[in-house]
Asks: 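First the structure, then my questions, so here it is.
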Amino acid sequence: MYRDGAFVGEHVTPTTHAQIQPNGVDLTLDAIFEPLEPGRITRNDTEIGKRQRVASAELERKVPETYYLEPGGYVVRYDEVIEIPEGHVGFVYPRSSLMRNGCMLDTAVWDAGYEGRGEGLLEVHHDIELERGARIAQLVFAEADHEGTYEGSYQRENLQTPRD
Ligand SMILES: O=c1ccn([C@H]2C[C@H](O)[C@@H](COP(=O)(O)OP(=O)(O)OP(=O)(O)O)O2)c(=O)[nH]1
């Protein structure tokens with residue numbers, strides 16, 4: 001069974017009222033990165049290639065910061081700290097407004113026990129303007145059996161990264 005948005009909200013920090021949806025919690029955009037060098041996945045190891053943070057531009061000195069993205073693949077970091085509680089698995093979906101604007105968010109499985117500020121792959125098929133802090137995705141929780149909890153290399157990722 002999928003849990004309701006209020007339950008998901010207890011495991012996502014910080015959240016505002018506007019982020020709590022009937023079936024999940026909206027996640028907001030923090031930073032955007034462009035891969036610069038090849039990564040590497042072998043049978044025993046994973047290496048994330050170097051990447052460069054995409055600079056935001058100010059539109060006529062408007063705040064908050066705004067990103068202008070041309071077609072390509074970008075790694076986005078969400079602003080919220082997410083904890084996946086035991087007995088659950090998390091899934092992130094794009095906000096439909098992204099799709100309707102010709103963009104897509106590709107995501108993977110969020111394991112029970114994971115805690116961190118996670119990332120996703122933003123596919124831009126048509127130029128788009130995104131404000132930093134805009135809601136771009138939605139996290140949902142399903143109840144799930146599991147053996148053990150997440151202890152991989154992304155555990156507690158980006159928690160020390162300051163929100164500048
Ligand atoms: O779209 C996603 C999906 C998952 N995660 C987080 C939560 C998840 O628990 C963790 C690890 O994901 P996964 O197990 O798929 O990564 P891996 O490449 O297999 O790494 P590891 O070997 O550490 O399991 O990354 C994200 O940040 N974004």
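Counting convention: from 1, in listed order, for ligands and their atoms alike. As the structure is a prediction and not an experimental result, all values here were calculated from the model. Sequence positions, counted from 1, serve as the residue numbers for this chain. In what follows, every heavy atom counts, from backbone to side chain, and hydrogens, waters and symmetry copies are set aside.
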Asks: Of all the atoms in ligand 1, which lie at a distance below 4.0 Å from a heavy atom belonging to Glu157?
Replies: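 That gives atoms 27 (O) of ligand 1.
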Asks: Does Gly24 offer a backbone N or O that forms a donor-acceptor pair with the side chain of Gln138 under 3.5 Å?
Replies: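 The answer is yes, because a donor-acceptor pair under 3.5 Å joins these two groups.
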Asks: Looking at Glu119 and Arg77, does any basic side-chain N land under 4.0 Å from a carboxylate oxygen?
Replies: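 Arg77 and Glu119: not salt-bridged.
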Asks: Between Ile84 and ligand 1, which residue portion shows a heavy-atom distance shorter than 4.0 Å: side chain, backbone, both, or neither?
Replies: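 The answer is neither.
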Asks: What residue and atom, counting heavy atoms only, is the protein's closest point to atom 17 (P) of ligand 1, and at what distance?
Replies: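 It is Tyr154 CE1, 4.0 Å.
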Asks: Quick one: which ligand 1 atoms are inside 4.0 Å of a heavy atom on Gly152?
Replies: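 Answer, ordered by atom number: 23 (O).
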Asks: How far is atom 1 (O) of ligand 1 from its nearest protein heavy atom, and which residue and atom is that?
Replies: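 The protein heavy atom lying closest is Ala108 N, 2.8 Å.
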Asks: Please list the nearest protein heavy atom to atom 2 (C) of ligand 1 with its residue and the distance rounded to 0.1 Å.
Replies: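 Answer for atom 2 (C) of ligand 1: Trp110 NE1, 3.3 Å.
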Asks: Would you indicate whether the side-chain heavy atoms of Ile82 and Val92 approach each other to under 4.5 Å?
Replies: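 No; the side chains remain at least 4.5 Å from each other.
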Asks: Classify the angle between the aromatic ring planes of Phe7 and Phe141 as parallel (below 30°), tilted (30 to 60°) or perpendicular (above 60°).
Replies: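 Perpendicular, since the angle between the ring planes exceeds 60°.
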Asks: If the cut-off is 4.0 Å to any non-hydrogen atom of Thr107, which atoms of ligand 1 fall inside it?
Replies: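 Numbered from 1, ligand 1 contributes 1 (O).
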Asks: Run the numbers for me: atoms of ligand 1, each under 4.0 Å from some heavy atom of Gly118, listed by number.
Replies: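 Within the 4.0 Å cut-off of Gly118, ligand 1 contributes 27 (O).
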Asks: Angle class for the Tyr114/Trp110 ring planes (parallel below 30°, perpendicular above 60°, tilted otherwise)?
Replies: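 It falls in the perpendicular class, over 60°.
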Asks: Examine Ser153 against ligand 1 and note whether any of their N/O atoms are separated by less than 3.5 Å.
Replies: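 Yes, at least one N or O pair falls under 3.5 Å.
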Asks: Which pairs with one or both residues in residues 2-11 pass salt bridge (charged side-chain N to carboxylate O under 4.0 Å, His left out), sequence neighbours excluded?
Replies: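 Matches after skipping sequence neighbours: Arg3-Glu143.
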Asks: Just to confirm my output: which protein heavy-atom neighbour is closest to atom 25 (O) of ligand 1, and how far is it?
Replies: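 For this ligand atom, the closest protein heavy atom is Tyr114 CE1, 4.0 Å.
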Asks: Name all residues meeting the ring-ring contact (aromatic ring centres under 6.0 Å, His included) criterion together with Tyr154; count only those two or more places apart in sequence or in a different chain, and write none if there are none.
Replies: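 So Tyr154 forms no ring-ring contact (aromatic ring centres under 6.0 Å, His included) with any residue.
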Asks: Are Leu122 and Leu130 close enough that some pair of their side-chain heavy atoms sits under 4.5 Å apart?
Replies: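 Answer yes - side chains close enough.
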Asks: Can you confirm whether the side chains of Glu115 and Tyr150 place a donor and an acceptor under 3.5 Å from each other?
Replies: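 Glu115 vs Tyr150: no donor-acceptor pair found between side chains.
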Asks: Does the protein put a heavy atom less than 4.0 Å from atom 19 (O) of ligand 1?
Replies: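 Flag for atom 19 (O) of ligand 1 set to false, no protein heavy atom closer than 4.0 Å.
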Asks: Considering only heavy atoms of Asp111, which atoms of ligand 1 have at least one such atom less than 4.0 Å away?
Replies: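 Every atom of ligand 1 under 4.0 Å from some heavy atom of Asp111: 8 (C), 9 (O), 11 (C), 12 (O), 14 (O).
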Asks: Relative to ligand 1, is Gln155 under 4.0 angstrom through side chain, backbone, both or neither, heavy atoms considered?
Replies: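 Answer for Gln155: neither.
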Asks: Is there a side-chain contact between Glu86 and Thr149 (heavy atoms, below 4.5 Å)?
Replies: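 In short, these two side chains touch, coming nearer than 4.5 Å.
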Asks: So which heavy atom in the protein is nearest atom 27 (O) of ligand 1, and how far is it from that ligand atom?
Replies: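 Looking at atom 27 (O) of ligand 1, the protein heavy atom closest to it is Glu119 N, 3.0 Å.
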Asks: Would you confirm whether Arg95, through its side chain, and Arg135, through its main-chain N or O, come within 3.5 Å as a donor-acceptor pair?
Replies: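 Indeed, once roles are kept as given, a pair shorter than 3.5 Å links the two residues.
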Asks: Tell me whether atom 22 (O) of ligand 1 lies less than 4.0 Å from at least one protein heavy-atom position.
Replies: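 No.
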Asks: Looking only at protein heavy atoms, which one is nearest to atom 11 (C) of ligand 1, and what is the separation?
Replies: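 I find the closest protein heavy atom is Tyr150 OH, 3.5 Å.
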Asks: Can you figure out which of Val89, Leu105, Thr46, Val109 has its heavy atom closest to atom 12 (O) of ligand 1?
Replies: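 Among Val89, Leu105, Thr46, Val109, the closest heavy atom to atom 12 (O) of ligand 1 belongs to Val109.
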